[in-house]
Amino acid sequence: MEAAHNGPVADTVAPGNVTLDVAVESPEEMKELGRRIAGVLAPGDLVMLTGELGAGKTTLTRGLGEGLGVRGAVTSPTFVIARVHPPLGEGPALVHVDAYRLGGGLDEMEDLDLDVSLPESVIVVEWGDGKVEELSEDRLRVVIDRAVGDTDDERRTVTLVGIGARWSGRGAELSALR
């Protein structure tokens, strides 16, 4: 149903980008990885999640929400397109977007006002490849690979690619997520 890496290949190979692969063995580890990633995020960060259905995108986002300390249960926003989770304390809000049903690029997403929310929030977009890159030159692209077909294998390989000046030189911070 979904092409696993249908986004710009140049993102992963461009000079200056920071790349890290993390092996994840269970949903609990995926959630924990999300909590650790939250520790390196700041207001204004855009996180793009890519992976097959059932890869763990929403599970990772639950961990991000816990790590950021936001209000409300993080669930898939498939039918509402976007959910805003306000901070419980001083941190940024989490804006969780599911762009799966959106066919166009940023034009179709304008009604969501993501560009307005970005400076004070962390925006996480599932299925955002080819749709939201224009929001920010700096972004964290997270690609989740899993075994496909009739399997109950819960192992995943999560590739984090820090793109743009914000992530340049932050290899040590990302490597600490391992």
Side-chain angles (χ1 to χ4, degrees), residues 4-5 7-52 54-76 84-97 114 117-129 132-133 135-147 153-178:
H5 301 277
V9 175
D11 279 355
T12 45
V13 295
N17 288 349
V18 180
T19 303
L20 172 71
D21 288 326
V22 180
V24 174
E25 301 292 327
S26 68
E28 294 77 24
E29 285 186 21
M30 184 68 76
K31 197 169 168 185
E32 176 57 31
L33 177 60
R35 285 191 287 268
R36 292 194 316 266
I37 292 171
V40 300
L41 295 176
D45 280 342
L46 172 63
V47 180
M48 295 172 46
L49 303 179
T50 301
E52 299 282 340
K57 297 179 295 295
T58 300
T59 300
L60 181 85
T61 306
R62 280 189 192 106
L64 288 171
E66 287 180 11
L68 291 171
V70 299
R71 186 178 60 199
V74 174
T75 59
S76 178
V84 177
H85 298 275
L88 291 170
E90 296 299 314
L94 171 67
V95 179
H96 185 197
V97 180
L114 296 180
S117 300
L118 186 58
E120 69 272 355
S121 304
V122 169
I123 297 182
V124 177
V125 183
E126 297 185 26
W127 309 94
D129 283 350
V132 297
E133 287 86 349
L135 280 174
S136 177
E137 292 180 7
D138 302 309
R139 57 194 172 274
L140 182 63
R141 185 167 187 246
V142 180
V143 180
I144 305 171
D145 283 318
R146 69 173 180 90
D153 188 351
E154 295 193 358
R155 289 178 291 170
R156 310 287 194 261
T157 300
V158 180
T159 303
L160 306 170
V161 182
I163 301 160
R166 163 140 167 60
W167 295 98
S168 179
R170 300 191 66 204
E173 274 186 81
L174 284 181
S175 291
L177 299 175
R178 207 175 254 145

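For the residue pair Lys57 and Thr50, the shortest heavy atom distance occurs at CD-C, 4.1 Å. Listed here is the closest heavy atom pair of Pro43 and Pro92: CG-CB, 3.8 Å. Here the closest heavy-atom approach between residue Leu33 and residue Leu177 is recorded as CD1-O, 4.0 Å. Taking all atoms of both residues into account, the shortest heavy-atom contact from Val18 to Trp167 is CG2-O, 3.1 Å. Closest heavy-atom contact between Thr58 and Glu126: OG1-OE2, 2.9 Å.
Taking CD from Glu52 and CD1 from Ile144, the interatomic distance works out to 11.0 Å, rounded to the nearest 0.5 Å. Distance check, rounded to the nearest 0.5 Å: CG of Asp153 to CZ of Arg146 gives 9.5 Å. In this structure, Ile37 CD1 and Glu173 CD are separated by 12.5 Å, a value rounded to the nearest 0.5 Å. Here the straight-line distance linking atom CG of Asp138 with atom OG of Ser168 works out to 9.5 Å at 0.5 Å rounding. Taking CD1 of Ile163 as the start and CG of Leu140 as the end, the distance is 8.0 Å to the nearest 0.5 Å. Distance check, rounded to the nearest 0.5 Å: OG of Ser121 to CG of Leu41 gives 12.0 Å.
The shortest distance between side-chain heavy atoms of Asn17 and Arg141 does not fall below 4.5 Å. At least one side-chain heavy atom of Leu49 sits less than 4.5 Å from a side-chain heavy atom of Val124. Between Glu29 and Val22, the closest side-chain pair of non-hydrogen atoms is not below 4.5 Å.
Checking each of Val84, Ile123, Thr61 against Leu94 for a side chain to side chain contact (heavy atoms under 4.5 Å, CB included) leaves exactly one that passes, namely Thr61.
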Steps toward side chain to side chain contact (heavy atoms under 4.5 Å, CB included) verdict (Glu154, Met30): CA-CA 10 Å; Glu154 295 193 358; Met30 184 68 76; over 6 Å; no
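In Glu137, the CD atom is not crowded: 12 or fewer heavy atoms of neighbouring residues, nucleotides or ligands sit closer than 6.0 Å.
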Name the atoms and distances for all side-chain donor-acceptor pairs under 3.5 Å in residues 62-74, with sequence neighbours left out.
unit_1, atom_1, unit_2, atom_2, d
Arg62, NE, Val74, O, 3.0
Glu66, OE1, Arg35, NH1, 2.5
Glu66, OE2, Lys31, NZ, 3.0

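Listed for the Arg156 side chain is a donor-acceptor partner under 3.5 Å among the backbone atoms of Ala55.
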